[in-house]
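Worksheet: one structure, shown below.
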Amino acid sequence: MFTLDELEHALRQVHAVFPGTHQYAWPLLAERVGAEVWVKHENQTPTGAFKVRGGLIHLDRLAESGHAKAGIISATRGNHGQSLAFAGRRVGIPVTIVVPHGNSVEKNAAMRALDARLIEHGADFDAARQHAMRLADEEGLIFAPSFHPDLVVGVATWALELFRAAPPLDVLYVPIGLGSGICGAIRTRDLLGLNTEIVGVQSAHAPAYARSLEVGHPVTLNSADTMADGLAVRIPDPTALDVIRDGVARVVTVTDDEVAEAIRTYWTDTHMLAEGAGAAALAALMQEKNRMAGRRVGVVLSGGNIDLAVFRRWVLPD
């Protein structure tokens, strides 16, 4: 997938734009779950989520190739689109993003603020993705998928930072959307020769990878009805599925209620704001706290981009 030299080079490219993110062992989280808990704060990136790392690498390489002068197009629920728009503006490549109807108002606004052309189409991410691919052909744009080798090596830099800065981790919980974050973490662990167990986390309302691993082949879901929009994927990527199958200890599914409790926990125990997908890893750890007692555990807070209205309705119900 990538070598350690390639990963180190990607890290230097990322650090040329921002200085990485912090990782802290939070005492209140340790008390809550009975384990030493290290949080990787990817909510601290310039776009508020880990995806920007991959966008920077992908757009830099497209700019160097000269093949994307007409622009790129992609589909997103928000963080992938923000990463492409941020990176595209930096290197002068026009970016078009397709989002499903009803997408995050604040994520949409952030993409427009980064000069992206925003198109609303379809009921969910996968419908938006199919429309983006059609528009790529019609308008002569390069389609930028949500899972791509450039994206994987870019987002893997968060795992490299974490593994090198924190003490040796027994377990690392990583959310699964389309799969770049967890695939990057698996490859980084293996390149560093570590024994850390990696546990994937999916929404119980959109368990495409969990179902696929159970039956041994990719499974397409009829719906992905979760408020954790970064986890709302119906169709798994076959390459990502292979990496996950070979590299994870298991996949845990969490409900929206468990994710909401994890968002509240992040706020009370760390005073950090997490979006749904960003809190999923902690939700899984809280679900498995008896299993993790006395161990050193890592969780990635992969993003903090939650709409205020969603926070009020979901996380702070009347």
Assess whether side-chain contact (heavy atoms from CB on, under 4.5 Å) is satisfied between Q13 and L56, documenting all intermediate values.
CA-CA 8 Å; Q13 289 179 276; L56 288 169; over 6 Å; no
Using salt bridge (charged side-chain N to carboxylate O under 4.0 Å, His left out), reason through K289 and E258 one step at a time and then give a plain yes or no.
CA-CA 13 Å; K289 67 178 184 178; E258 289 175 311; over 6 Å; no
Might you work through the salt bridge (charged side-chain N to carboxylate O under 4.0 Å, His left out) test for E6 and R187, ending with a clear yes or no?
CA-CA 12 Å; E6 289 170 332; R187 179 61 174 165; over 6 Å; no
Passes salt bridge (charged side-chain N to carboxylate O under 4.0 Å, His left out), R77 versus E275? Steps please.
CA-CA 12 Å; R77 292 301 302 263; E275 62 185 278; over 6 Å; no
Verdict with supporting geometry, E288 and R295, salt bridge (charged side-chain N to carboxylate O under 4.0 Å, His left out)
CA-CA 12 Å; E288 294 197 328; R295 306 184 78 185; over 6 Å; no
Check against side-chain contact (heavy atoms from CB on, under 4.5 Å), L178 and R129:
CA-CA 12 Å; L178 202 56; R129 178 173 58 175; 3.8 Å; yes
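Of the candidates L162, I186, V299, L172 forms a side-chain contact (heavy atoms from CB on, under 4.5 Å) with just one, namely L162. The only member of D229, L84, I97 that meets side-chain contact (heavy atoms from CB on, under 4.5 Å) when paired with T76 is I97.
You'll find the side chain of I176 stays beyond 4.5 Å of the side chain of V233, heavy atoms only. At a threshold of 4.5 Å between non-hydrogen side-chain atoms, the residues I182 and P175 do not count as touching. Looking at heavy atoms from C-beta onward, L151 lies in side-chain contact with H80 at the 4.5 angstrom threshold. Contact of the D137 side chain with the M133 side chain is not registered, since no non-hydrogen atoms from C-beta on lie closer than 4.5 Å. No side-chain heavy atom of D124 sits under 4.5 Å from any side-chain heavy atom of S223. At a threshold of 4.5 Å between non-hydrogen side-chain atoms, the residues R53 and F18 count as touching. Using a 4.5 Å cut-off on side-chain heavy atoms (C-beta onward), F311 and L273 make contact. You'll find the side chain of H58 reaches within 4.5 Å of the side chain of L62, heavy atoms only.
Side-chain contact, S302 with E42: no donor N or O sits under 3.5 Å from an acceptor N or O. For the 3.5 Å distance criterion, the side chains of N79 and N305 qualify, holding a donor opposite an acceptor.
The existence of a salt bridge linking R90 and D60 is confirmed by a sub-4.0 Å separation between a basic side-chain nitrogen and an acidic carboxylate oxygen.
Side chain of Q287 to backbone of T253: a donor-acceptor contact under 3.5 angstrom is found. One N or O on the side chain of K40 and one on the backbone of T21 form a donor-acceptor pair closer than 3.5 Å. Not a single donor-acceptor pair under 3.5 Å links the side chain of T188 to the backbone N or O of A185. Put simply, the side chain of W314 gets close to the backbone of D256: a donor and an acceptor are under 3.5 Å apart. Side-chain atoms of R245 do not come within 3.5 Å of backbone N or O of L213 as any donor-acceptor pair. Looking only at distances, no side-chain donor or acceptor of T47 sits under 3.5 Å from a matching main-chain atom of S83. Under the 3.5 Å distance criterion, the side-chain polar atoms of Y209 are left unmatched by any main-chain donor or acceptor of G177. With R189 contributing its side chain and G247 its backbone, the two residues share a donor-acceptor pair below 3.5 Å. Of the possible polar contacts, none joining the T220 side chain to the I235 backbone as a donor-acceptor pair under 3.5 Å is found. A donor-acceptor contact shorter than 3.5 Å links the side chain of D126 to the backbone of R234.
Y173 and Y24 end up in the same hydrophobic cluster when Ile, Leu, Val, Met, Phe, Trp and Tyr side chains are linked at under 4.5 Å. Follow the hydrophobic side-chain contacts under 4.5 Å out from V155 and you reach L192 in the same cluster. V300 and M286 fall into different hydrophobic clusters, defined by Ile, Leu, Val, Met, Phe, Trp and Tyr side-chain heavy atoms under 4.5 Å apart, directly or through other members. Under a hydrophobic-cluster definition in which Ile, Leu, Val, Met, Phe, Trp and Tyr are linked whenever side-chain heavy atoms come within less than 4.5 Å, directly or via other members, V254 and V174 are assigned to different clusters.
The CE atom of M111 sits 5.5 Å away from the CG atom of N103 when rounded to the nearest 0.5 Å. The structure places CG of L285 at 8.0 Å from CG of L29, a figure rounded to the nearest 0.5 Å. Between atom CD1 of residue I73 and atom CG of residue L135 there is a gap of 4.5 Å, rounded to the nearest 0.5 Å. In this structure, the separation between CG on L4 and CG on D190 is 12.0 Å, given to the nearest 0.5 Å. Atom CG of L308 sits about 6.0 Å away from atom CD of E106, to the nearest 0.5 Å. For the atom pair L169 CG and E36 CD, the distance stands at 8.5 Å (nearest 0.5 Å).
Heavy atoms from other residues, nucleotides or ligands lying under 6.0 Å from CG of N195 number 12 at most. Annotation: H22, atom NE2; neighbour count of heavy atoms from other residues, nucleotides and ligands within 6.0 Å does not exceed 12. Residue D242 qualifies as enclosed at atom CG: its count of foreign heavy atoms under 6.0 Å is above 12. The number of heavy-atom neighbours closer than 6.0 Å to CZ of R32, taken from other residues, nucleotides and ligands shown, is above 12. When the shell of 6.0 Å around NE2 of H121 is examined, it contains more than 12 heavy atoms from other residues, nucleotides or ligands.
By the ring-ring contact (aromatic ring centres under 6.0 Å, His included) test, H205 is found to be paired with no residue, residues two or more places apart in sequence or in another chain being considered.
Taking the six-membered ring for Trp and thresholds of 30 and 60 degrees, H271 and W267 have ring planes inclined between 30 and 60 degrees apart.
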